[in-house]
Amino acid sequence: MDKIDLYEVYRLLFKKFGSQGWWPTTAPGEAKPKHRGKRPDTEKEKLEIVIGAILTQNTSWKNVERAIENLNRNKLMDIDALNLVDIKHLAQVIKPAGYYNQKAERIKNFIRFLLEEFDGSFSKLFSMNLTDLRNKLLSLKGIGKETADSIILYAALKPIFVVDAYTKRIAERIGLGKKDYDELQKIFMESLPEDQKLFAEYHALLVRLGKEYCKKNNPRCEDCPLKNLCSYAKANLS
DNA sequence: TACCAGGTCCTCG
DNA sequence: CGAGGACATGGT
């Protein structure tokens, strides 16, 4: 069994798809988030990434977009507004994202935490070192590993590799075997230089591949950019 | 019609 | 620990 070169995987994906511009955020004056390829400078952009990371838990980004659009139009993409809004109303606004009661609770939890412990400031929260920040986020109800790591990578801009359902499926198919979150994260991070931009692009590319080629059902192995090194594609195409 | 989508928490053995 | 269920909308 030949070993998979995860840097080579990255090169193939980037050659095929190019830069993905993650994480999508809403431009000033607009309501709909877009992949803009822009670092989140403002508190509002960082907030939007956190909210998006919670909303997208086991949910398609399309539905999350609608929920974010609703939040923007209702002027709720704001720390103080979210702190004050009635949780039932918040739940209705984010309804398209599904699990809206749980997610409203999780958003409220996070906002309360940020206000009480960090004066509502992402700059203060993100000034923690990566390990402490991660443990802090993981201690919050509704923030698990993937959500925490997405926040750290895409909002705090610190180098950690995000593992999601696509990552797990793609990793298993190309021949890394069935691995859990921590194992996969370790494998990716030990195979790559510690680089926030690289990790950010890589994860985005895996999502792109998972959506368009390495789908759960009917994967398109024929023209997959990884077909030459993927054990699943080799078996599937033989 | 089922199944899927950028998970997490809780409970039970 | 690890499996299994709950949470819910919108697309195919």
Side-chain angles (χ1 to χ4, degrees), chain A residues 9-10 13 17 19-26 32-37 40 46 48-71 87-111 113 134-156 160-173 177-185 188 196 199-220:
Chain A
V9 168
Y10 172 79
L13 293 176
F17 298 118
S19 175
Q20 299 302 295
W22 272 43
W23 183 290
T25 50
T26 305
K32 192 174 183 155
K34 294 193 313 198
H35 294 80
R36 302 192 283 152
K46 293 170 191 173
E48 195 177 325
I49 292 171
V50 171
I51 300 300
I54 292 172
L55 291 177
T56 199
Q57 290 169 354
N58 202 41
T59 300
S60 68
W61 182 255
K62 195 84 199 124
N63 285 358
V64 174
E65 256 185 8
R66 293 188 175 96
I68 290 178
E69 212 175 327
N70 287 345
L71 288 169
I87 192 167
K88 305 297 281 183
H89 181 229
L90 176 58
Q92 288 309 303
V93 171
I94 63 171
K95 194 164 190 169
Y99 307 127
Y100 47 86
N101 290 312
Q102 277 192 351
K103 287 173 178 175
E105 181 71 41
R106 289 171 184 186
I107 289 170
K108 279 289 200 177
N109 279 345
F110 178 85
I111 297 296
F113 153 78
R134 189 169 196 264
N135 289 333
K136 200 68 171 163
L137 292 172
L138 288 176
S139 73
L140 303 179
K141 194 174 301 183
I143 310 264
K145 288 171 186 169
E146 189 192 332
T147 307
D149 289 341
S150 295
I151 292 169
I152 293 166
L153 179 64
Y154 291 109
I160 195 155
F161 203 91
V162 176
V163 175
D164 65 354
Y166 292 127
T167 313
K168 289 177 184 164
R169 183 167 71 233
I170 293 165
E172 181 172 6
R173 283 183 176 168
K178 198 173 181 65
K179 296 276 197 308
D180 69 20
Y181 193 102
D182 296 327
E183 289 175 310
L184 266 184
Q185 184 173 58
F188 275 91
Q196 183 271 338
F199 292 171
E201 195 66 68
Y202 204 151
H203 174 70
L205 288 165
L206 288 173
V207 172
R208 178 79 180 271
L209 184 79
K211 280 180 180 167
E212 295 182 10
Y213 291 86
C214 202
K215 298 183 288 185
K216 186 149 194 171
N217 304 316
N218 310 104
R220 296 168 50 197

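Labels below follow one simple rule: chain letters A, B, ... track the order of the sequence lines, proteins then strands, and each chain is numbered from 1. In this text, all values refer to a predicted model and were calculated from it rather than measured experimentally.
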A:Arg66 side-chain N/O to C:dG11 phosphate OP1/OP2 under 4.0 Å: yes
Sugar-phosphate only, base, or nothing, as touched by A:Lys103 at under 4.0 Å among non-hydrogen atoms: nothing
Short side-chain N/O contact from A:Ser60 to OP1 or OP2 of B:dC4, under 4.0 Å: no
Sugar-phosphate, base or nothing in reach of A:Glu146, heavy atoms under 4.0 Å: sugar-phosphate
Sugar-phosphate, base or nothing in reach of A:Ile54, heavy atoms under 4.0 Å: nothing
A:Pro40 versus A:Ala155, closest heavy-atom pair with distance: CG-O, 4.1 Å
Heavy atoms of other groups near A:Lys34 NZ, more than 12 under 6.0 Å: no
Nearest-Å distance for atom pair CG/C1', residues A:Asn70 and C:dT9: 12 Å
Separation of atom CZ in A:Arg169 from atom P in B:dG7, rounded to whole Å: 10 Å
Residue-phosphate contact under 4.0 Å: A:Tyr100 side-chain N/O, C:dC7 OP1/OP2: no
Length of the line joining A:Gln102:CD and C:dT9:P, which is rounded to integer Å: 12 Å
Touch class at under 4.0 angstrom, heavy-atom based, for A:Gly144 against every strand present: sugar-phosphate
Closest contact, heavy atoms only, A:Gly142 versus A:Gln57: O-NE2, 2.9 Å
Heavy-atom check, side chain of A:Glu201 versus side chain of A:Trp22, under 4.5 Å: no
N/O (side chain, A:Asn63) to phosphate O (OP1/OP2, C:dG11) under 4.0 Å: no
Carboxylate-amine/guanidinium contact A:Arg66 A:Glu69, below 4.0 Å: no
Sugar-phosphate only, base, or nothing, as touched by A:Ala97 at under 4.0 Å among non-hydrogen atoms: nothing
Plane angle bin for A:Tyr202 and A:Tyr10 - parallel if under 30°, tilted between 30 and 60°, otherwise perpendicular: tilted
Closest contact, heavy atoms only, A:Gly52 versus A:Trp23: C-CZ2, 3.8 Å
Nucleic acid contacts of residues 207-215 of chain A, taken as heavy-atom distances under 4.0 Å to DNA chain C: none
Show each protein N/O and nucleotides 2-4 of chain C N/O combination with a separation under 3.5 Å, one pair to a line.
none

Sugar-phosphate only, base, or nothing, as touched by A:Leu140 at under 4.0 Å among non-hydrogen atoms: sugar-phosphate
Rounded distance (Å) that lies between atom C1' of C:dT9 and atom CD of A:Glu69: 16 Å
C:dA8 versus B:dT1 - spacing of their P atoms, nearest Å: 22 Å
P spacing across the pair C:dG2 / B:dA5, given as an integer number of angstrom: 23 Å
